[in-house]
2 protein chains.
Amino acid sequence: MRQPVTESERTHGAAGARIAARLRDAILSGEYAPGARIRQEDLADLHGASRLPVRDALRMLEAEGLVTVRANAGAWVSTLTLADFEELYLLRERVEPLLLGFSAPLLSEEAIDRLDGLALAMEASSDVEEFLVLDREFHLSGYAAARTSVLGDFVTQLWNRTQHYRRAFTRVFRDEGDRSAHHDHHLIVGALRRRDAEEAERVLAIHIRRTRLELERHPEVFTIGG
Amino acid sequence: MRQPVTESERTHGAAGARIAARLRDAILSGEYAPGARIRQEDLADLHGASRLPVRDALRMLEAEGLVTVRANAGAWVSTLTLADFEELYLLRERVEPLLLGFSAPLLSEEAIDRLDGLALAMEASSDVEEFLVLDREFHLSGYAAARTSVLGDFVTQLWNRTQHYRRAFTRVFRDEGDRSAHHDHHLIVGALRRRDAEEAERVLAIHIRRTRLELERHPEVFTIGG
DNA sequence: TAGTCACTGATTGCATCCAAAATCAAGCCG
DNA sequence: CGGCTTGATTTTGGATGCAATCAGTGACTA
């Protein structure tokens, strides 16, 4: 009856974890589109391994919601309906402020400076892909100081699941010249700097909600993979 | 580029899923204690299968948080620290009311009658194990009408992860003659019957928070597995 | 005597092979 | 001519065997 030491260790076989990491990046970068078929043997050949660690990798990504597996049929990159997306954003709206509450008091001044820089860089950025990277970096860095065992990973998974769809509708919203997102970001940084975690959480919740509501006016975004 | 039909299908190999289901039940029923070692070959022999579907099962349960796997070392039934438990209850406090909000308007009158019956049965129950079953049934039945794709499963996982520790401290709290939990249950049923979802959500949040706060006064419960 | 190192046993991880299930296309029947 | 059934192909699922890694024990040295 020996205890597993700590959560943060490599929990899986090296090969399986490597393949999972690369496939995850490929999906998040848009290399694999939602709905795309994933064949085990292709991945095995690509990584010079057998199909067994590939199966492990697929199960890991399935657990993260990035991949959908059907018995005796195969694996596909997960797709979201509009309802799914709204559900995930309702979750984000409730969970991310909680995580920020854990992180806020532990953020160093330097970390807050970096968040400020990211917010400014986002405003200056004109490239959608760059904006997506900066936005993700801004939010996840804001949570990075939190010492949680499940919350942090869960939030990252929520971001990963919605990544491709964020890409799709960011192209629409940015052209509309919506400035409120940038405004929110600066409000959050300001609250964090004043060590007013409650205010930061409040603005974050509104920030996430705003995106969801805007999306409801652009349901055509969800004609992507389905 | 063919779509996976629907979420609710068997997504895994039959053998792996069967083993996972039985192991899950064994863990939830307390047959395996937190911190207990799980050997692949034992499970394989027990189910008359090879170690391969067993590994699949372990990965599934790891994804659900019930099992902790370390590379080249083995699998253990997950243990929780007091901080972990509080984190999970903070999550429940935010997520379960959201799920109840999805379910409430879709609950039939018969379903609400059943909830009422469960609440009464809990009050009458003197056996801890029976109480745990009824409590779980009460809550999860209350959410059962929700047509969600991730929220419902997530909440079930939160319940499963905390199951063993609920068992441990329920023995303590019940002896103290705390009646507020029963009071909450009836308030929730009443609100549901009046189709006042907001009130039901509010009471549910308080109900979950109360348990967390009570637990903070009994940290000795967490001397269980580690 | 306490700390370190090497060795042994046990357990997991991966590769190969075979079986089972689903997909897809062609042929058949209504 | 369209829908259904049937068969071949493709792809996944599982069993066995071997290699790699880790835990635990004992002896050796300072």
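Letters A, B, ... mirror the listed sequences (proteins, then strands); counts begin at 1.
- With sequence neighbours left out, the salt bridge (Lys or Arg N to Asp or Glu O under 4.0 Å) criterion links B/Asp153 to no other residue.
- Using a 4.0 Å cut-off between charged side-chain N and carboxylate O, A/Glu86 and A/Arg212 make no salt bridge.
- Between A/Tyr143 and A/His139, the ring planes are tilted. Angles from 30° to 60° get that label.
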Protein N or O to nucleotides 8-12 of chain D N or O, pairs below 3.5 Å:
residue: D/dT11; atom: O3'; partner: A/Arg37; partner atom: NH2; Å: 3.4
residue: D/dT12; atom: OP1; partner: A/Gln40; partner atom: N; Å: 3.1

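- Contacts of A/Glu87 classified as salt bridge (Lys or Arg N to Asp or Glu O under 4.0 Å), with partners at least two apart in sequence or in another chain: none.
- As rounded to whole Å, 14 Å separates atom P of D/dG17 from atom CG of B/Leu52.
- Using a 4.0 Å cut-off between charged nitrogen and carboxylate oxygen, A/Glu64 and A/Arg24 count as a salt-bridge pair.
- C/dT12 atom C1' lies 15 Å from atom CG of B/Asp56, rounded to whole Å.
- Across the protein-nucleic acid pair, B/Leu43 atom CG and C/dT11 atom P stand 13 Å apart, rounded to whole Å.
- Across the protein-nucleic acid pair, B/Arg59 atom CZ and D/dG13 atom P stand 15 Å apart, rounded to whole Å.
- A salt bridge does not link A/Asp84 with A/Arg161: every distance from a Lys NZ or Arg NE/NH1/NH2 to an Asp or Glu carboxylate oxygen is 4.0 Å or more.
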